[in-house]
Engineer: 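Structure provided below as structure tokens; questions to follow.
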Amino acid sequence: MKILVINGPNINMLGIREVNIYGRDTYENLLNLIDKVAAEENIEIEEFQSNHEGDIVDKIQSVYKKVDGIVINPAAYTHTSVAILDSLKAVNIPTVEVHISKVSEREDFRQVNFIRNYSLKFFEGYGIEGYTKAIIYLKNYLKEQK
């Protein structure tokens, strides 16, 4: 089983940016956590982060028929990117959305979410541990579909 984990803009700045919202865990901590979950759950995981919308779209398109599932934190693009939504729809790969903060309780403009209606499941507000929940949920979903 292979899962692509995509992180959008500024996730590479974890531990530096707005620690009162995103916590003190760094992006390296996040990658180490994902690698640990992958080893424990016997999942092959590819990690990708970009601050550029088109790069995220290109990455999603490039894994068509190459991965079993996607875990995505579109970050700020959650609220603005029809392009990312359309690329997910185009490849039709089971997708779980994750957010480090509790987006549903934040600013009004963050209440727009283009990805949520496409996603199988939505995890928010668990810090980087939300990725563990999302990966395990997706693994179990994919096993049930076989």
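All values below come from the heavy atoms of this structure, side chains included, with hydrogens, waters and symmetry mates left out. It should be emphasised that the depicted structure is a prediction, and the values quoted were computed from it without experimental measurement.
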Engineer: Relative to the ring of Tyr137, is the ring of Phe123 parallel (under 30°), tilted (30 to 60°) or perpendicular (over 60°)?
Structural biologist: perpendicular
Engineer: Report the C-alpha separation of Ile136 and Tyr141 in whole Å, then their side-chain angles, then the decisive distance to 0.1 Å, and conclude whether the side-chain contact (heavy atoms from CB on, under 4.5 Å) test is met.
Structural biologist: CA-CA 9 Å; Ile136 292 172; Tyr141 173 85; over 6 Å; no
Engineer: Quick one: CE on Met13 to OH on Tyr27, what's the gap to the nearest 0.5 Å?
Structural biologist: 13.0 Å
Engineer: What heavy-atom pair brings Pro74 and Pro9 nearest, and what distance separates the two atoms?
Structural biologist: O-CD, 3.5 Å
Engineer: Side chain to side chain contact (heavy atoms under 4.5 Å, CB included) with Ile93: which residues, sequence neighbours excluded?
Structural biologist: Val63, Val67, Ile70, Val91
Engineer: Nearest 0.5 Å, please: how far is NZ in Lys59 from CD in Gln61?
Structural biologist: 12.0 Å
Engineer: Considering only NZ, NE, NH1 and NH2 on the basic side and carboxylate oxygens on the acidic side, decide whether Lys133 and Glu129 come within less than 4.0 Å.
Structural biologist: no
Engineer: Before giving the answer on side-chain contact (heavy atoms from CB on, under 4.5 Å), spell out for His99 and Thr78 the whole-Å C-alpha distance, their side-chain angles and the decisive distance to 0.1 Å.
Structural biologist: CA-CA 10 Å; His99 291 278; Thr78 301; 2.9 Å; yes
Engineer: Within a strict 4.5 Å, meaning less than it, do heavy atoms of the Asp35 and Ile45 side chains meet?
Structural biologist: no
Engineer: Is Glu28 atom CD crowded by more than 12 heavy atoms from other residues, nucleotides or ligands, each under 6.0 Å away?
Structural biologist: no
Engineer: Enter the distance from Ile72:CD1 to Leu88:CG here, rounded to the nearest 0.5 Å.
Structural biologist: 5.0 Å
Engineer: Check whether any side-chain heavy atom of Ile135 lies under 4.5 Å from a side-chain heavy atom of Thr132, and answer yes or no.
Structural biologist: no
Engineer: Any non-hydrogen side-chain atom of Ser87 less than 4.5 Å from a side-chain atom of Val57?
Structural biologist: yes
Engineer: For the CD1 atom of Ile128 and the CG atom of Leu30, what is their distance to the nearest 0.5 Å?
Structural biologist: 5.5 Å
Engineer: Taking the side chain as C-beta and beyond, is there a heavy-atom pair between Glu124 and Val98 under 4.5 Å?
Structural biologist: no
Engineer: Donor-acceptor pair, Asp68 side chain versus Lys2 backbone, under 3.5 Å?
Structural biologist: yes
Engineer: Is there a side-chain contact between Leu31 and Thr26, using heavy atoms and a 4.5 Å cut-off?
Structural biologist: no
Engineer: Could you tell me which residues satisfy ring-ring contact (aromatic ring centres under 6.0 Å, His included) with Phe48, sequence neighbours excluded, listed by chain and number?
Structural biologist: none
Engineer: Is there a continuous path of hydrophobic side-chain contacts, each under 4.5 Å between heavy atoms, that joins Tyr64 to Ile84?
Structural biologist: yes
Engineer: Can you check whether Asn29's main-chain N or O pairs, donor with acceptor, with Asn32's side chain at less than 3.5 Å?
Structural biologist: no
Engineer: Looking at Arg116, is its backbone amide N or carbonyl O close enough to the side chain of Glu97 to form a donor-acceptor pair, meaning the two atoms are under 3.5 Å apart?
Structural biologist: yes
Engineer: May I ask you to test the Asn73-Ile6 pair for a side-chain heavy-atom distance under 4.5 Å?
Structural biologist: no
Engineer: Count the heavy atoms belonging to other residues, nucleotides or ligands that lie under 6.0 Å from CZ of Phe122, then report whether that count exceeds 12.
Structural biologist: yes
Engineer: Run the numbers on Ser81 and Glu53 for side chain to side chain donor-acceptor pair (under 3.5 Å), then give the verdict.
Structural biologist: CA-CA 8 Å; Ser81 184; Glu53 182 180 29; 2.5 Å; yes
Engineer: Do Tyr77 and Ile56 have side chains that approach each other closer than 4.5 Å (heavy atoms only, starting at C-beta)?
Structural biologist: yes
Engineer: To the nearest 0.5 Å, what is the distance between CG (Asn140) and NZ (Lys121)?
Structural biologist: 12.0 Å
Engineer: Compute whether any side-chain donor of one residue and acceptor of the other, for Asn7 and Tyr131, lie under 3.5 angstrom apart.
Structural biologist: yes
Engineer: Take Ile3 and Val71 through the side-chain contact (heavy atoms from CB on, under 4.5 Å) test and state the conclusion after the steps.
Structural biologist: CA-CA 7 Å; Ile3 294 175; Val71 170; 4.1 Å; yes
Engineer: Heavy atoms only: give me the nearest Ala134-Val96 pair and the separation to one decimal.
Structural biologist: CB-CG1, 3.7 Å
Engineer: Given Met1 and Leu142, is the side-chain contact (heavy atoms from CB on, under 4.5 Å) satisfied, shown in steps?
Structural biologist: CA-CA 9 Å; Met1 178 179 303; Leu142 292 169; 3.9 Å; yes
Engineer: Would you give the length of the straight line joining atom CD1 of Ile43 to atom CG of Leu138, rounded to the nearest 0.5 angstrom?
Structural biologist: 8.0 Å
Engineer: Under 3.5 Å, is there a donor-acceptor pair between the Asn51 and Gln49 side chains?
Structural biologist: yes
